[in-house]
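Below, read A as the first sequence line, B as the second, and so on, with proteins coming before strands; counting in each chain starts at 1.
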2 protein chains.
Amino acid sequence: MSYEQALTALADPTRRAVFERLRAGPQPVGELARHLPISRPAVSQHLKVLKDAGLVSDRAEGTRRIYHIDPHGLGALRRWLDQFWETALDAFAAEAERTSDKP
Amino acid sequence: MSYEQALTALADPTRRAVFERLRAGPQPVGELARHLPISRPAVSQHLKVLKDAGLVSDRAEGTRRIYHIDPHGLGALRRWLDQFWETALDAFAAEAERTSDKP
DNA sequence: CTTGTTCGTAAGACATGGCTTACGGTAAGC
DNA sequence: GCTTACCGTAAGCCATGTCTTACGAACAAG
């Protein structure tokens with residue numbers, strides 16, 4: 001939901017691995033855990049954090065829960081980053097002009 | 001430099017506070033610490049992490065070191081995010097089409 | 001109804017990371 | 001040269017977070 005949760009969620013390397021694996025398409029928990037060096041409950045805990053951050057969503061399919069990437073959290077992070085990006089560029093341009101001070 | 005370092009750097013709330021304070025313009029370490037609820041050495045440590053991530057740079061000015069935002073690290077993070085953003089949108093569109101399956 | 005899968009949650013051990021105090025180094029001012 | 005101001009680093013304490021094992025719930029199959 002908020003960009004802060006998205007940042008803390010994506011800070012963990014294992015959680016990024018889970019997240020990037022979902023790029024290949026929606027997958028159940030067990031499928032994700034099978035290709036990762038951690039246990040299945042650990043994957044569940046990571047998915048909970050990602051879900052709270054609005055980065056993933058899940059749908060039930062029998063006894064399995066299929067997780068997929070949710071653009072919502074990614075959008076919040078992107079907006080914050082873009083807003084930051086502009087002011088950073090402006091400051092950088094102003095600094096460049098200040099350094100080469102030859103009117 | 002890498003997007004991974006930028007993510008872990010921006011995950012910490014205090015470090016975000018330092019970073020966002022630099023948005024107002026280049027500032028020395030003491031000035032940053034004066035407006036934050038932590039000690040000056042703590043600010044130095046945070047600045048080191050931000051610098052290693054390519055998010056800030058510093059220049060010496062007498063005995064003071066002026067820190068400013070560096071677009072380099074921000075750009076790396078932005079590229080990674082954008083690349084992720086596209087595939088997420090594509091998957092979302094495909095999913096929407098799959099759900100409303102009425103040919 | 002019983003069995004087997006798949007999953008989430010709880011509890012505990014363990015490592016990681018952030019903060020403080022203490023110290024040394026460098027530059028400016030008198 | 002001496003003092004003062006500003007900063008980075010080291011050591012240690014403490015909180016946070018991550019992982020594992022153990023357990024219980026929900027659904028499908030037979």
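Between T63(B) and the phosphate of dC6(D), there is no side-chain N or O to OP1/OP2 separation shorter than 4.0 Å. Regarding contacts with the backbone of dT6(C), every side-chain N or O of Y67(A) stays at 4.0 angstrom or more from both OP1 and OP2.
If you take NZ of K48(A) and P of dG17(D), they are 14 Å apart, rounded to a whole angstrom. Remark: C1' of dC6(D) and CD of Q27(B) are 15 Å apart, rounded to the nearest angstrom. Atom C1' of nucleotide dC7(D) and atom NZ of K51(B) are separated by 12 Å, given to the nearest angstrom. Summarising the geometry, the separation between CZ on R40(B) and C1' on dA5(D) is reported as 10 Å, rounded to the nearest angstrom. Distance CG (L32(A)) to P (dC7(C)): 9 Å, rounded to an integer number of Å. Summarising the geometry, the separation between CD on E61(A) and P on dT5(C) is reported as 19 Å, rounded to the nearest angstrom. Atom CG in L10(A) sits roughly 16 Å away from atom C1' in dG17(D) (whole-Å rounding). Rounded to an integer number of Å, the gap from CZ of R59(A) to P of dT6(C) is 17 Å.
Side-chain atoms of V29(B) and L47(B), non-hydrogen and from C-beta on, do get closer than 4.5 Å to each other. Contact check for H72(B) versus S57(B): no side-chain heavy atoms found under the 4.5 Å cut-off.
A cation-pi arrangement is absent between R79(A) and Y3(A), since the terminal nitrogen or guanidinium carbon is not both under 6.0 Å from the aromatic centre and inside a 45° cone about the axis.
A continuous path of ILVMFWY side-chain contacts below 4.5 Å connects F19(A) to W85(B), so both sit in one hydrophobic cluster.
Remark on DNA chain D: of its neighbouring residues G62(A) and L47(B), the 5'-side contact belongs to L47(B), judged by nearest-heavy-atom nucleotide.
Between R23(B) and E20(B) there is no salt bridge, since no side-chain nitrogen of the basic residue lies less than 4.0 Å from a carboxylate oxygen of the acidic one. In summary, R78(A) and D82(B) engage in a salt bridge, as defined by a charged side-chain N under 4.0 Å from a carboxylate O.
Stem regions for DNA chain D, each three or more consecutive Watson-Crick or G-U pairs with both distances under 3.5 Å and listed by first number, read C:1-30 with D:1-30.
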Which pairs, protein N/O on one side and nucleotides 15-19 of chain C N/O on the other, fall under 3.5 Å?
residue: dG18(C); atom: OP1; partner: R15(B); partner atom: NH1; Å: 3.2
residue: dG18(C); atom: OP1; partner: R15(B); partner atom: NH2; Å: 2.8
residue: dC19(C); atom: OP1; partner: T14(B); partner atom: OG1; Å: 3.1
residue: dC19(C); atom: OP2; partner: H46(B); partner atom: NE2; Å: 2.1

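For R21(A) (side chain) and L36(A) (main-chain N/O), no donor-acceptor pair under 3.5 Å exists by modelled atom type. Panel note: side chain R64(B), backbone P28(B); no donor-acceptor pair is recorded below 3.5 Å.
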Pair Y67(B)-V18(B), side-chain contact (heavy atoms from CB on, under 4.5 Å): steps then yes or no: CA-CA 10 Å; Y67(B) 280 83; V18(B) 171; over 6 Å; no

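Out of dT9(C), dG8(C), dT6(C), the shortest distance to the side chain of P41(A) is found at dT9(C).
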